[in-house]
Amino acid sequence: MTISKNSVTVLANHLKKNPDSKVIFLVGAGASTSCGIPDFRSPKTGLYHNLSKLNLPYAEAVFDVDYFKENPKPFYTLAKELYPGNFKPSEFHYLMKLFEDKGRLKRIYTQNIDTLEREAGISSELVIEAHGSFASNHCIECAKEFPLSVFKDKLDSANAKGEFSYAKCSECKGLIKPKIVFFGENLPEAFFNTWDDDVEWLSKRHNATEDLIIVAGTSLTVHPFASLPSEVPDTSRRGLFNLGLVGDFEDNPRDDDIFIEGLLDEIAHKLATELGWLEELELLIKA
Ligand code: OAD
Ligand code: ZN
């Protein structure tokens, strides 16, 4: 594994030497911390360390479907804080958009529910929202679908009255829940199907192009997402952009892995500089 101050250069050189190669990003909450959205597991700042005010039996209960049915208040409280529209994409999100513009983006698999990849303008067919998003909402009793704006209005109107009430279905009074994947729920089928296709695609491109799989801003603790890096064919090369070594990069490092330790926006800036893309990146951010 390459771990050095020059890791960004190693990665940039790889991209320059292999101009037909493409990148698959596997991203987590670290991509959005600079946008003002806390991640989950960072000590002190992570959401799971700051949920005490919600009186949860354990932090991850906020995303537990059985717990939600009993007590939806913690999730609704959090939903208001995390609601899309309140945040702007980061430099790192725009760098991924620039990979698309350069024809170098194969796919983004994101665990994030903040839709900031879409906000950065990345085409929806290139983004797999592995843990769902706030974009669609449904009643957990009768399955009636509600547009994003209706769910948001219901949460907000409860707030305006000065009391907390729940987002309830107009038909049956069941609870409305965004299609965010809770613990105990399945990931979207598109996640599994697209990953299978992409792995097959990678295997077929074998040796010719040296495609890159870049894992960024995730602790790689939640499965099945966390096992994706171990499934990358060894004809492709893996990179990790993160504050620390995680998951398969720590447990089963490969000789040609590239670890770039640091803050994602700083890494994005340096990488764009080395690739000669900085001006374009800055234009995207300003646009
Ligand atoms: P975590 O909070 O578990 O991990 C975030 C990782 O990003 C950690 O390794 C941090 O060190 C790193 N990090 C934070 N800020 C960073 C920055 N600016 N630059 C670089 N690295 C940074 O978040 P995830 O791995 O995404 O599920 O969590 C996975 C899932 O657990 C989430 O999708 C969520 C949660 O339960 C749902 O929402 C359904
Ligand atoms: Zn209903």
Side-chain angles (χ1 to χ4, degrees), residues 25-51 56 58-65 67-68 75 78-79 81-82 90-93 95 109-116 128-134 137-146 150-151 154 166-188 191 214-229 239-247 249-250 259-271:
F25 287 97
L26 309 179
V27 311
S32 305
T33 47
S34 70
C35 313
I37 305 172
D39 67 6
F40 295 91
R41 296 175 183 80
S42 282
K44 296 194 182 136
T45 55
L47 269 175
Y48 290 152
H49 297 267
N50 290 304
L51 288 174
L56 291 163
Y58 55 99
E60 289 172 349
V62 71
F63 291 125
D64 184 295
V65 73
Y67 186 79
F68 174 71
F75 172 73
L78 196 67
E81 278 176 39
L82 296 184
S90 67
E91 190 159 359
F92 175 71
H93 287 109
L95 181 70
Y109 291 84
T110 181
Q111 297 169 90
N112 300 342
I113 54 179
D114 55 37
T115 64
L116 288 178
I128 296 292
E129 290 169 334
H131 293 166
S133 79
F134 285 95
N137 303 273
H138 72 291
C139 166
I140 60 169
E141 301 300 334
C142 74
K144 184 178 161 66
E145 302 266 347
F146 291 89
V150 172
F151 175 69
K154 281 182 186 274
Y166 303 138
K168 288 201 174 153
C169 173
S170 48
E171 300 287 320
C172 78
K173 302 276 174 265
L175 296 167
I176 303 175
K177 174 184 164 300
K179 281 194 184 148
I180 290 168
V181 179
F182 278 27
F183 293 105
E185 290 185 321
N186 289 326
L187 274 66
F191 166 79
I214 296 177
V215 177
T218 170
S219 60
L220 291 179
T221 44
V222 176
H223 288 271
F225 198 98
S227 57
L228 301 185
L240 174 67
F241 300 177
N242 209 45
L243 291 176
L245 265 181
V246 290
F249 290 86
E250 193 175 19
F259 175 41
I260 305 181
E261 188 169 19
L263 294 168
L264 277 174
D265 288 350
E266 289 177 12
I267 296 169
H269 197 89
K270 281 189 206 154
L271 187 57

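Start at 1 and go down the list; that is how both ligands and their atoms are numbered. Only this structure's heavy atoms are used, side chains among them; waters, hydrogens and symmetry mates stay out.
- Considering Glu185, His49, His131, His223 only, the shortest heavy-atom separation from atom 27 (O) of ligand 1 involves His131.
- Two rings, from Phe249 and Phe259, have their centers 6.0 Å or more apart.
- Atoms of ligand 1 found under 4.0 Å from any heavy atom of Gly217, numbered from 1 in the order shown, are 5 (C), 6 (C), 7 (O).
- In Val181, the part holding a heavy atom less than 4.0 Å from any atom of ligand 1 is the backbone.
- At a 4.0 Å heavy-atom cut-off, ligand 1 touches Leu264 through backbone and side chain alike.
- Closest to atom 4 (O) of ligand 1 among all protein heavy atoms lies Ser219 N, 3.2 Å.
- Closest to atom 17 (C) of ligand 1, if we only count protein heavy atoms, is Gly30 O, 3.6 Å.
- Contacts between Gln111 and ligand 1 below 4.0 angstrom, taking non-hydrogen atoms only, involve backbone and side chain alike.
- Close approach of ligand 1 to Leu263 (heavy-atom distance below 4.0 Å) involves ligand atoms 17 (C), 18 (N), 19 (N).
- Of the polar atoms of Ala29, at least one N or O is found under 3.5 Å from an N or O of ligand 1, judged by distance alone.
- Ligand-side atoms of ligand 1 in range of Gly28: 26 (O), range being under 4.0 angstrom from any heavy atom.
- Not close to ligand 1: Gly132, with no non-hydrogen atom less than 4.0 angstrom away.
- Considering backbone and side-chain atoms alike, Gly244 places every N or O at 3.5 Å or more from each N or O of ligand 1.
- Residue Tyr48 holds the heavy atom nearest to atom 36 (O) of ligand 1 of all those in Tyr48, Phe63, Phe40.
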